[in-house]
Amino acid sequence: MILQKHTRSFNLLWRLQLVLILLSSTLANGVERKDFYIVFLGAHHTLNSDIIHETHLNVLSSVKGSYLEAQESMVYSYTNSFNAFAAKLSENEAKKLSEMDEVLLVFRNQYRKLHTTRSWNFIGLPVTAKRRLQFESDIVVGVLDTGITPESQSFKDDGLSPPPAKWKGSCGPFANFSGCNNKIIGAKYFKADGNSDPSDILSPIDVLGHGTHTASTAAGTLVPKASLFGLANGTARGAVPSARLAIYKVCWTSSGCADMDILAAFDAAIHDGVDIISISIGGGDPSYVVDVISIGSFFAVSKGILTVASAGNDGPDMATVTNTAPWIVTVAASGIDRAFRSTVILGSGKNVSVMQGIGVSSFNPKQKQYPLINGVNAALNSEAKEYARYCFGGSLDPNKVKGKLVYCKLGTYGTEAIVKEIGGIGAIIERQRYLDVAQVFMAPATIVNMSLGHTITSYIHSTRSPSAVIYKTHEIRKPAPFAASFSSRGPNPGSQNILKPDIAAPGINILASYTLRRSITGLKGDTQFSKFNLLSGTSMACPHVAGVAAYVKSFHPDWTPAAIRSAIITTAKPMSKKMNNEAEFAYGSGQLSPTRALTPGLIYDMDHFGYIQFLCHEGYSGATLSVLLGSPVNCSSYLLPGAIGHDAINYPTMQLILKSNKDTTIGVFKRTVTNVGLGPTIYNATIKSPKGVEITVKPTSLIFSHTMQKKNFILMVKAKSMASMKIISGSLIWRNSVYYVRSPIVIYSP
Ligand SMILES: *[C@@H]1O[C@H](CO)[C@@H](O)[C@H](O)[C@H]1NC(C)=O
Ligand SMILES: *[C@@H]1O[C@H](CO)[C@@H](O)[C@H](O)[C@H]1NC(C)=O
Ligand SMILES: *[C@@H]1O[C@H](CO)[C@@H](O)[C@H](O)[C@H]1NC(C)=O
Ligand SMILES: *[C@@H]1O[C@H](CO)[C@@H](O)[C@H](O)[C@H]1NC(C)=O
Ligand SMILES: *[C@@H]1O[C@H](CO)[C@@H](O)[C@H](O)[C@H]1NC(C)=O
Ligand SMILES: *[C@@H]1O[C@H](CO)[C@@H](O)[C@H](O)[C@H]1NC(C)=O
């Protein structure tokens, strides 16, 4: 039982410092189980929020029986962007509501999980990069996360003027929260379920460190000599050090991140006037009309606000990517050229072996060598032997472990804490997956691969008194970029016609601000605290892109969200298929390229109409789209004659899923590009076709006479059937004498 549980949840446990494991908080301990539900009504007929709220209560009263009961059970009345409310309901009440004419959609609230110094230099945004400070300081980045640490040096407001005039947000006062300044110009928290853990503080204060980390990566100010105990030492900073932050705390220690709270945060952020939303939370429904991040970001994009979201940490398994709506920028994690190693020395005297383990251990050894024991030989009793091999809690004999380093196979997150708690020194942990990530340890520990693991176990077996030592971690350089092993992969479960993820950004061992309210590992017994911490995840990659979106917006304040997204996607630095089998499904169009994104040359622009057209072509009925639009649409007036999915959207990437029952599949992609460079100019097409695929473009040259002019082209892809689960890719590049506009073309056989 224990073994199965641990091995199955290994992936989650390993990400504990970033990921909250969520449990449904409602229990069936009465006659009728009640859950929180979100109820969507039609379009607003008034702008008066009191009247809208009154309507919500009236609708709810009709199933609750009384106005008073309706008031008691309602936890949110969303009145700014969405016409919806959240309330505690029985299944029967939810069903009754869903049958009412004025109700569009009812769904049960779910709980989601949360899914840096050198990274900016690595991707080419040096401290000296050109900036338009006046415009940058007018930009507000909204962060939906675990809150913020206002005392952090990253959020000092030196030199910043008061918030821009358009800003409508607010900032407490809240308990245990020192308040806002000219950097953090808004802070709110959302928690409607009432469940609380003693470590939760009902204020925007961050007790987990995650939100502080992501906010400082997006828009933190410069902090020189930032490091984690000397590691990753350098200047910590966000992409836009002069931009403002608005904090919306939606994730909690006790319950994770509730849909109803996320929706409330979107409603508030849109109302407050943020420019860009960064959300490192995932795990929703693939349907674009049911997932709250998809719904919230749709309302945001219709107000000109771009949402950037993390792709998820469920890789390298295929089709795991989340937050895949075409109006969201979906961010994969990549590795930079820095890694962390600890030297391990086995044995003493003349015959020693030296190897390099992976991870961050800040401990200097106090002895030259420590006795070393294999977990399997330290079992509490014979029944515990199979668990002791993996050093699971409760399986090891404290007497056998005391004062020793323990070798553990496939240790879970916190293995070293289990060993330390019973008197051991630390652990050498063998692992087969995720060796690109340096986990931070609370005691001396390191990770080795299977072949080094074999060397260690044979050494232990070969001698009477095996010994070893783990040295404090040092930094090395390694080839990069590469897609992070954990980063969620395509193909997109939400649509066959949109390539996701869109882009890759640094997400491995990122140094950024953290909280002193939590130890650096969050593990029991950890006494290490630091203002900066190294975290990994697509959570860390997301604010890199959100920050760059703000950077692009500071140069082009009038660009649409689609234009900013297009600029980010088409200027990405191509990544190598050799290092990542899943190619674009792992890294999208490639590595984020901040300074190039300022001047993309051409953009693939889109308006609201385009998204509705796309959804109609995807087969969403006019009635289901009313959740996004407030009222049903007549899809037949949106359908393009003869169009099929992949040419019904002006997306900067192209994806063709092969039909299994056909020898040849033909994809037709109609696109429109806008010249955002100077005119007149001529762009010529260059096509790279993979073997067995014919790609043509018409016309092959686009002649622009002036800036902001639009031109159409048609790309045709003809691909033969191929082995299942195979992905091949080509590209289309529009090039003039200055710019280079690249779109990956992905062909996949399901
Ligand atoms: C929060 O503030 C209250 C009242 O000032 C105080 O009693 C409490 O200790 C504070 N909690 C934390 C975790 O700082
Ligand atoms: C970090 O680097 C700076 C020089 O760039 C140095 O002065 C400082 O001592 C270093 N800090 C640590 C903790 O190594
Ligand atoms: C010492 O040498 C023997 C034989 O070469 C080898 O098997 C053993 O693993 C070595 N011990 C260490 C600590 O490397
Ligand atoms: C295991 O790690 C060692 C040292 O880093 C490396 O040389 C070796 O190639 C790795 N083996 C495998 C199978 O990855
Ligand atoms: C929807 O639009 C089509 C074409 O514009 C029209 O023929 C049809 O009557 C409309 N349907 C409804 C229900 O309005
Ligand atoms: C584009 O093609 C035209 C015609 O073939 C050629 O004259 C021109 O030099 C090309 N421009 C670039 C930037 O390659």
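Both counts, for ligands and for their atoms, begin at 1 and track the order of listing. Each residue takes its place number in the sequence, starting with 1.
Of the N or O atoms in Asn449, one or more lie within a sub-3.5 Å distance of an N or O in ligand 4. Residue-to-ligand polar distances place Asn233 within reach of ligand 2: an N/O pair is separated by less than 3.5 Å.
Ion pair Asp317/Arg433 flagged as a salt bridge, since at least one NZ, NE, NH1 or NH2 atom sits closer than 4.0 Å to an Asp/Glu carboxylate oxygen.
Under 3.5 Å, the side chains of Asn580 and Glu582 contain no donor-acceptor pair of N or O atoms. In summary, the side chains of Thr674 and Gln709 do not present any donor paired with an acceptor at a separation below 3.5 Å, with no hydrogens or angles considered. Between the side chains of Ser729 and Lys577, at least one donor N or O sits under 3.5 Å from an acceptor N or O.
Set against the non-hydrogen atoms of Gly230, the atoms of ligand 2 under 4.0 Å away are 13 (C).
Classified by interplanar angle (parallel below 30°, tilted 30° to 60°, perpendicular above 60°), the ring pair Phe392/Tyr390 is parallel.
Taking the six-membered ring for Trp, Tyr740 and Trp734 have ring centres at least 6.0 Å apart.
Checking side-chain atoms of His474 against main-chain N and O of Ser342 turns up no donor-acceptor pair under 3.5 Å.
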Output block, N or O contacts of ligand 6, threshold 3.5 Å exclusive:
| unit_1 | atom_1 | unit_2 | atom_2 | d |
| --- | --- | --- | --- | --- |
| ligand 6 | 2 (O) | Asn684 | OD1 | 3.2 |
| ligand 6 | 2 (O) | Asn684 | ND2 | 2.3 |
| ligand 6 | 11 (N) | Asn684 | ND2 | 2.8 |
| ligand 6 | 14 (O) | Asn684 | ND2 | 3.3 |

